[in-house]
Protein chains: 2
Amino acid sequence: MSSLLSKHESVYRSIRERILTGVYGPGERLVLSAIARDLDVSPVPVREAIRRLEAENLVTFERNVGARVNTLDDEAWEQLVEMLALLDGYAMRRAQCRITPAALGEAQRLNDALRAHAGGPADQHGEVMALHRLFHRTLYANSDNRYLVESLDSLWDRIDASRVLASRWPAHRLASAVDEHDELLRMIRSGEVPPDELERCTRQHSLNAIIAIRGRKTPVRLQ
Amino acid sequence: MSSLLSKHESVYRSIRERILTGVYGPGERLVLSAIARDLDVSPVPVREAIRRLEAENLVTFERNVGARVNTLDDEAWEQLVEMLALLDGYAMRRAQCRITPAALGEAQRLNDALRAHAGGPADQHGEVMALHRLFHRTLYANSDNRYLVESLDSLWDRIDASRVLASRWPAHRLASAVDEHDELLRMIRSGEVPPDELERCTRQHSLNAIIAIRGRKTPVRLQ
DNA sequence: GACTCTCGGATCGTATACGATCCATCGAAA
DNA sequence: TTTCGATGGATCGTATACGATCCGAGAGTC
């Protein structure tokens, strides 16, 4: 008599899911006993799940106080997105000569779906964010480096959990992003763009998100 | 009446230290109850510690079977070093205009110490590895991006734990590495090397480690 | 001799129990 | 009124207990 998942594993997935979808928002307290009661397990597997989430930088745990969903201030958020730009740019470089026509087509389809949202109502941020993330993942999944893909997934998780993009992406940025995506797809299809150039452009595309969010508040000082 | 560290924390540090220094080698089993007895705690905090190490990719845990120190096959090792090359290259780019003369001097001193080992006995791999890691850390610590530094530290941990470098770095590689380090320091000091160029050279320096370890066994296929 | 089955020890998985710590609240003293 | 210290509830921290699972060893069968 064994369930497929250990309790600690299913608790881990539940909490993680709730953090990524915003059910547990940034800064929210995670009380072990309350979660245990809610998920109908004892506090022990909940503690294990929280430890994993702590190691993944999704929650912060303070001794004798408890766990909280991580919060990102502006600087931390920008540094994370900068990491994303770095990894995504390199992943695109690696994917350039490995990517299948099917994956390229899928990416194009996703970007077209994004474009359909560009003029639409601003209350569908959740769906836009999911499409955007999936567009990038469809491409970087072809980079053929397991750790690169894992790191990118993890970075996106942290960025999603912070709700910064979801709440502050300026509406006008979406149109530019979609155009940049198209340009990246063109570069890959052409097969004649030097790797350095493709990596540079992909990196810049992600860095543009930082500039867009900063707006005119602070001087841009990237690199 | 409180110790500075919770038991789970001190257990975590103990096990981690043993993995990084090779006391627990790759593939070695970590039996919870044995570790608990050894460190004089109950199995519960040991389990928490193992969960963290699992999330950090230092150990793998299999349900109802137990934990093992992670093993890296050649391909996995190369992919990790490739990540290291990517992050380290970018960190150097960011550090270029931030690095202090003191840090530069320290790096030079470390590299000189490395050179002193270049012709010496081959049985001091441990010390050479530590110096080499520290040389790079002294530079990338100036990159002013917290997550970049954390990721680099974590990558070095995993690479150290795999014992691949320690056991298979060809002796002749050290001399070349030391020369490349000098060249990187020169580039930073000159203050006139374009960021792209510095990043490219730093990245290549790390990739050279892969080529050196591969030897002539397999065709080199980077990027 | 090879295969299967059963059994038992090793090990993990989780619940429960209870002590330790923190912190918000409230009352007393300055 | 402000400050300080006491108090109690909320919450974490860890030990213990015991059931569940795995896996290897040995017996039994073909």
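Per chain, numbering begins at 1; letters A, B, ... match sequence-line order.
With dT14(D), dA15(D), dT14(C) as the candidates, the nucleotide lying closest to the side chain of Val41(B) is dA15(D). When each of dT11(D), dG13(C), dA15(D) is scored by its nearest atom to the side-chain atoms of Ser6(A), the top-ranked nucleotide is dG13(C). When distances are taken from the side chain of Lys7(B) to each of dA15(C), dG13(C), dT14(D), the shortest belongs to dT14(D). Distance from the side chain of Val65(A) is smallest to dC22(C) among dG13(C), dC22(C), dA15(C). The side chain of Asn64(B) lies closest to dG13(C) when the candidates are dT14(D), dG13(C), dA15(D). Out of dG13(D), dT11(D), dA15(D), the shortest distance to the side chain of Pro45(B) is found at dA15(D).
If you take CD1 of Ile35(A) and C1' of dC12(D), they are 13 Å apart, rounded to a whole angstrom. Put simply, CD on Glu62(B) is 12 Å from C1' on dC23(D), counting in whole angstrom units. Counting to the nearest Å, the C1' atom of dA10(C) and the CG atom of Leu32(B) are 12 Å from each other. Whole-Å rounding puts the Ile50(B) CD1 to dT11(C) P distance at 14 Å. Between the CD atom of Glu48(A) and the P atom of dC12(C) there is a distance of 12 Å, rounded to whole Å. Atom CG of Asp40(A) and atom P of dT14(C) are 13 Å apart (whole Å). Note: NE2 (His8(A)) to C1' (dA15(C)) measures 17 Å, nearest angstrom. Summarising the geometry, the separation between CZ on Arg47(A) and P on dA15(D) is reported as 11 Å, rounded to the nearest angstrom.
Side-chain N/O atoms of Arg63(B) include none lying less than 4.0 angstrom from OP1 or OP2 on dC22(D). Taking 4.0 angstrom as the limit, Ser42(B) places none of its side-chain polar atoms (N or O) nearer than this to OP1 or OP2 of dT14(D).
For the pair Arg37(B) and Glu9(A), nearest-nucleotide mapping onto DNA chain C gives the more 5' position to Arg37(B).
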(Q) Pair Tyr140(A), Asn145(A) - check side-chain hydrogen bond (donor to acceptor under 3.5 Å, both in side chains), show working. (A) CA-CA 9 Å; Tyr140(A) 72 62; Asn145(A) 181 321; over 6 Å; no
Inset, instruction - Report the C-alpha distance between Arg203(A) and Tyr90(B) in whole Å, list the side-chain angles of each, state the deciding distance to 0.1 Å, and finish with yes or no for side-chain contact (heavy atoms from CB on, under 4.5 Å). - result: CA-CA 11 Å; Arg203(A) 184 186 286 184; Tyr90(B) 189 72; 3.5 Å; yes
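Leu5(A) comes within 4.0 angstrom of no nucleic acid atom, judged by non-hydrogen atoms across all strands. Note on Val44(B): a base of the nucleic acid sits closer than 4.0 angstrom, heavy atoms only. At the heavy-atom level, Leu30(B) lies under 4.0 Å from the strands shown only through sugar-phosphate atoms.
Taking a cutoff of 4.0 Å between a charged side-chain nitrogen and a carboxylate oxygen, Arg13(B) and Glu9(B) qualify as a salt bridge. A salt bridge links Arg168(B) with Asp74(B): at least one charged nitrogen is closer than 4.0 Å to a carboxylate oxygen. Using a cutoff of 4.0 Å between basic side-chain nitrogens and carboxylate oxygens, Arg173(B) and Glu180(B) are scored as salt-bridged.
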